[in-house]
Colleague: 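Dropping a structure here in structure tokens format, bear with me for questions.
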Amino acid sequence: MEHDHSPEAIRSRLAGGPEASYLRDWIYGGIDGAVTTFAVVSGVVGAGLSSKIIVILGLANLLADGFSMAAGNYSGTRAEGDWLEHLRRVEHRHIELEPEGEREEVRQIFAGKGFEGETLQTIVEVISADRERWVRTMLTEEYGLPLEIRSPVLAALSTFSAFLVCGAVPLLSYIFPWPQSFPTAVVLTCCVFFLIGCARSRWSTDPWWKTGLETLGVGGVAAAIAYLVGFLLRNLAAA
């Protein structure tokens with residue numbers, strides 16, 4: 001993403017801190033919503049049940065499974081924040097009890113980056129002169145953790161909203177019936193996968209058509225497995 005490199009713009013951007021991205025949550029929820037709803041459609045069609053049953057089960061899946069995914073994402077993101085806070089307290093305690101050992105860790109970390117001599121010593125002194133800076137350095141350099149954890153609420157809402165929006169698409173051909181409802185559901189589901197991939201290209205170095213086809217391929221495989229399961233269940237029911 002392009003941005004201004006004037007001193008004022010850089011100062012303002014750095015003062016605001018890093019921005020959290022919820023792209024992963026949205027794509028995850030969108031693909032899973034489309035796949036699981038398509039699985040319901042495939043299973044019900046395979047069982048030879050009516051369109052009303054497809055809509056009822058599909059809507060129930062949207063709400064129940066969507067909420068389940070959102071709750072799981074909330075708990076997982078919350079756990080990341082708890083882990084970061086735990087390690088923050090650990091580092092504060094280590095600095096309090098073993099300051100020289102922690103300085104040696106800083107020294108070896110930056111020596112590994114190629115710094116040496118007086119420059120390395122200055123880096124160690126500057127970092128260890130401020131307790132919060134020291135802790136932040138250890139969290140990022142020793143543990144490889146981000147300094148900011150995404151909001152659990154926003155992560156859950158991103159997943160839930162994407163699940164509802166994308167998961168509703170395979171049901172459209174049954175809510176507004178077409179002569180060939182299931183083939184239409186297949187086409188609409190594939191379009192969802194492709195559009196999710198195209199949207200992903202905004203944050204990718206690949207062109208939109210490539211990310212679109214890649215996501216279509218991944219989602220298409222998942223949808224094909226869902227259809228195969230429905231087909232096998234139909235054969236079992238008929239046996």
Side-chain angles (χ1 to χ4, degrees), residues 22-77 152-203 208-239:
Y22 299 91
L23 175 66
R24 178 184 66 182
D25 307 284
W26 209 94
I27 290 177
Y28 179 49
I31 292 179
D32 193 76
V35 169
T36 55
T37 307
F38 183 77
V40 171
V41 172
S42 301
V44 175
V45 169
L49 301 178
S50 69
S51 297
K52 290 183 178 180
I53 299 299
I54 291 177
V55 174
I56 292 172
L57 292 180
L59 291 177
N61 168 79
L62 275 179
L63 295 175
D65 202 13
F67 181 80
S68 175
M69 281 194 63
N73 197 12
Y74 173 87
S75 298
T77 308
V153 173
L154 292 180
L157 288 176
S158 297
T159 298
F160 187 62
S161 62
F163 193 98
L164 290 182
V165 171
C166 299
V169 172
L171 298 176
L172 293 179
S173 61
Y174 292 92
I175 296 175
F176 307 102
W178 275 275
Q180 297 293 326
S181 295
F182 184 68
T184 302
V186 173
V187 172
L188 290 176
T189 303
C190 290
C191 288
V192 168
F193 294 143
F194 184 74
L195 290 175
I196 290 174
C198 290
R200 204 190 82 199
S201 68
R202 181 182 176 186
W203 294 270
W208 63 270
W209 58 267
K210 186 174 182 179
T211 56
L213 290 176
E214 177 184 308
T215 306
L216 173 60
V218 173
V221 170
I225 293 174
Y227 176 78
L228 178 61
V229 171
F231 180 79
L232 294 175
L233 290 176
R234 180 187 64 182
N235 289 341
L236 289 175

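Just so we're clear, the structure is a prediction, and the values are computed from it rather than from any experiment.
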Colleague: For Val218, give me all partners under side chain to side chain contact (heavy atoms under 4.5 Å, CB included), at least two apart in sequence or on another chain.
Modeller: none

Colleague: Nearest 0.5 angstrom please: Leu63 CG to Phe163 CZ, how far?
Modeller: 9.5 Å

Colleague: For a quick test of your reading: what N or O donor-acceptor pairs under 3.5 Å do the side chains of residues 183-199 make, sequence neighbours left out?
Modeller:
| from | atom 1 | to | atom 2 | distance (Å) |
| --- | --- | --- | --- | --- |
| Thr184 | OG1 | Gln180 | O | 2.7 |
| Thr189 | OG1 | Ala185 | O | 2.7 |

Colleague: Ignoring hydrogens and angles, write down the donor-acceptor pairs under 3.5 Å from the side chains of residues 33-40, residues two or more places apart or on other chains.
Modeller:
| from | atom 1 | to | atom 2 | distance (Å) |
| --- | --- | --- | --- | --- |
| Thr36 | OG1 | Asp32 | O | 2.8 |
| Thr36 | OG1 | Gly33 | O | 3.3 |
| Thr37 | OG1 | Gly33 | O | 2.8 |
| Thr37 | OG1 | Asn61 | ND2 | 3.4 |
| Thr37 | OG1 | Gly167 | O | 3.0 |

Colleague: Would you list the pairs meeting salt bridge (Lys or Arg N to Asp or Glu O under 4.0 Å) in which at least one residue belongs to residues 156-166, sequence neighbours left out?
Modeller: none

Colleague: Under the side-chain hydrogen bond (donor to acceptor under 3.5 Å, both in side chains) test, which residues partner Ser158, sequence neighbours left out?
Modeller: none

Colleague: Let me confirm one number: the CD1-CG distance from Ile54 to Leu59, rounded to the nearest 0.5 Å.
Modeller: 11.5 Å

Colleague: Which atom pairs, one a donor and one an acceptor, fall under 3.5 Å between side chains of residues 22-29 and the rest of the protein, sequence neighbours left out?
Modeller:
| from | atom 1 | to | atom 2 | distance (Å) |
| --- | --- | --- | --- | --- |
| Tyr22 | OH | Ser151 | N | 2.8 |
| Asp25 | OD1 | Asn73 | ND2 | 2.7 |
| Asp25 | OD1 | Arg150 | NH1 | 2.8 |
| Asp25 | OD2 | Arg150 | NH1 | 2.4 |

Colleague: Please report the shortest heavy-atom distance between Gly30 and Ala162, naming the atom on each side.
Modeller: N-CB, 3.5 Å

Colleague: Please answer whether the main-chain N or O of Ser181 pairs with a side-chain N or O of Ser173 as donor and acceptor at a distance below 3.5 Å.
Modeller: yes

Colleague: Measure the CD1-CD1 distance between Ile53 and Ile56 for me, rounded to the nearest 0.5 Å.
Modeller: 5.0 Å

Colleague: Please collect all side-chain hydrogen bond (donor to acceptor under 3.5 Å, both in side chains) contacts where either partner lies in residues 50-59, sequence neighbours excluded, each pair once.
Modeller: none

Colleague: Kindly indicate, with the supporting measurements, whether the criterion side-chain contact (heavy atoms from CB on, under 4.5 Å) is fulfilled by Leu171 and Leu62.
Modeller: CA-CA 10 Å; Leu171 298 176; Leu62 275 179; 4.0 Å; yes

Colleague: What salt bridge (Lys or Arg N to Asp or Glu O under 4.0 Å) pairs are there with at least one residue in residues 56-70, not counting sequence neighbours?
Modeller: none

Colleague: Any side-chain hydrogen bond (donor to acceptor under 3.5 Å, both in side chains) involving residues 209-223? Give me the pairs, sequence neighbours left out, ordered by first then second residue.
Modeller: Arg200-Glu214, Arg200-Thr215

